[in-house]
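What follows is one structure encoded as structure tokens, with my remarks underneath.
Convention: sequence-line order gives letters A, B, ...; per-chain numbering from 1.
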There are 2 protein chains.
Amino acid sequence: MDTQNLSGLDLPEKEHKILEAAIKVFSEKGFSAATTSEIAKNAGIAEGTIFRYFKTKKDILRGILVHTINIISGKLVLSSIEKILAASDGKDVRTILKEVLYDRLKLVDSVFPMARVILTESLFHDDVREAIYQNIISPAVEMFKVFLAKAIERGMIRDDIDPEIVLRSIMGNAAVFIAQRKLFSDKFLMEDMDKELDKLIDVIMYGIAVKNPDYIKSDKDLT
Amino acid sequence: MDTQNLSGLDLPEKEHKILEAAIKVFSEKGFSAATTSEIAKNAGIAEGTIFRYFKTKKDILRGILVHTINIISGKLVLSSIEKILAASDGKDVRTILKEVLYDRLKLVDSVFPMARVILTESLFHDDVREAIYQNIISPAVEMFKVFLAKAIERGMIRDDIDPEIVLRSIMGNAAVFIAQRKLFSDKFLMEDMDKELDKLIDVIMYGIAVKNPDYIKSDKDLT
DNA sequence: AATTGTAGTGAGTACTCACTCATTTTTTTA
DNA sequence: TAAAAAAATGAGTGAGTACTCACTACAATT
């Protein structure tokens, strides 16, 4: 087991070390401000060696991108969510949603440093953005839609709003949850995770309004 | 009226033009990859002139930061939300929330380019991050908490969950809403804004679960 | 008209960085 | 073990950068 979770996909050891070092330096300084000499120093190799494995600095970024996509869309990862969905009969949405969210959060934890790098750089590099969209976002959205369709079909989730809205709400809540844990992390401990997740799901499921207020006048269809 | 909404705070015309140009170039390439020569070209001035107004390139970024903070925390902006809250008696949360969100979304629209620059760079510059936290996030959170406390007091919002969770849910939903509109904006038109906002608020208020399902077993307190 | 002050200029400067390549070190092969 | 091949090295290179400064243009003041 190594610190940056680059393991598994049989890369040459040196290439592996370069990617690890690059993830560290890129996430601290950003792609442009990072220097190949600092990456080399962090990887414990000579600067010239970098260019045996990657033609250009930009190529290192692409290496990180490809590697991240491989991890996220790899069989191991995909199958775990499919397993959850397959075994979902009889459980309520709350339980399933918790299992799915927990699974995804663990994944985010494990790839966070590299995901952060490629997401940040996607703001400035069209090719990176496009690759992320095609290989991560789009499939993830599709997968979630399948899950939602099932849940709606079984009457577990409202059918009077667009699935996109449901998706957006789950995504939004999860995103802020992650951002808070990762960017202002000092305060948040792993032990609280379970309780925190319960609260998160509760608010996603039932919203912030009081449960049975008298002053809600109409339930007009908003679709 | 000018394109980048830098107006109002009586800056010298040249300084103004430099900031506008810098916002454009920084948001396209990021701070590090942006060059002072390109900023000068965009501002229609000589490169040397930049350094009459800003000691260093980093100083231009600070200029954008200060300017953004001034706009967001300026009297004009603050007061509009206070007005909404002051006139909130008798209205339901939904209406108030819509007014507040609409007000904030308009604000985000008007400062988006510069906000994007300083948020992105806050990842790499501690001083920028600290200034954003102290001058924007922290006061905004405080203000929202006052609003929530009032709403909870009046029985309009659940009191069985932490206000932080409520805040996070609103923030998260709003963030994804903005991100979708701004980053994949082609699809979204301004006319749909009102309808979209209704849907957004609906899901924030009532969640994604079916309204009155029989299979919800317990309503245990999650606080 | 002469002088002073100010804003603007852009070629020049010192320096940094991605990338190269002649040389050295290590590994493989015979 | 010797020769050949491959891998690794790091000083060197040139393109490009942030920033400087000697100068110009022109307005205000005397």
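Within the 4.5 Å cutoff, the side chain of A/I72 has no heavy atoms near those of the A/I69 side chain. Side-chain contact between B/E121 and B/F26: absent, with no pair of heavy atoms (C-beta onward) separated by less than 4.5 Å. In this structure the side chain of A/I132 reaches within 4.5 angstrom of the side chain of A/L65, judged on heavy atoms.
Residue A/F51 contributes atom CZ, which lies 14 Å from atom C1' of D/dG12 at whole-angstrom precision. At whole-Å resolution of the value, NZ in B/K17 and P in C/dA7 are 15 Å apart. Here D/dA8 presents its C1' atom at 16 Å from CZ of A/F54, a figure rounded to the nearest Å. Computed from coordinates, the B/D59 CG to D/dT20 P distance equals 12 Å when rounded to whole Å. Summarising the geometry, the separation between NZ on B/K58 and C1' on D/dT17 is reported as 18 Å, rounded to the nearest angstrom. One atom, NZ of A/K57, and another, P of C/dC17, lie 9 Å apart when rounded to the nearest Å. Summarising the geometry, the separation between NE2 on B/H16 and P on C/dA7 is reported as 19 Å, rounded to the nearest angstrom.
Both the sub-6.0 Å distance and the 45° axial angle are satisfied by A/K57 relative to the ring of A/F31. Geometrically, B/K182 engages B/F112 in a cation-pi contact, judged by NZ or CZ lying under 6.0 Å from the ring centre and within 45° of the ring axis.
Residues of residues 31-50 of chain B that place a heavy atom closer than 4.0 Å to DNA chain C, in numerical order, are B/I45, B/A46, B/G48, B/T49.
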Contacts under 3.5 Å, N or O only, protein and nucleotides 4-7 of chain D:
from: D/dA7; atom 1: N7; to: A/R52; atom 2: NH2; distance (Å): 3.2

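Around NZ of A/K29, the count of heavy atoms belonging to other residues, nucleotides or ligands within 6.0 Å does not exceed 12. Taking a 6.0 Å sphere around NZ of B/K41, one finds it holds 12 or fewer heavy atoms contributed by other residues, nucleotides or ligands.
Applying the salt bridge (Lys or Arg N to Asp or Glu O under 4.0 Å) test to pairs two or more places apart or on separate chains, none has a residue in residues 131-142 of chain B.
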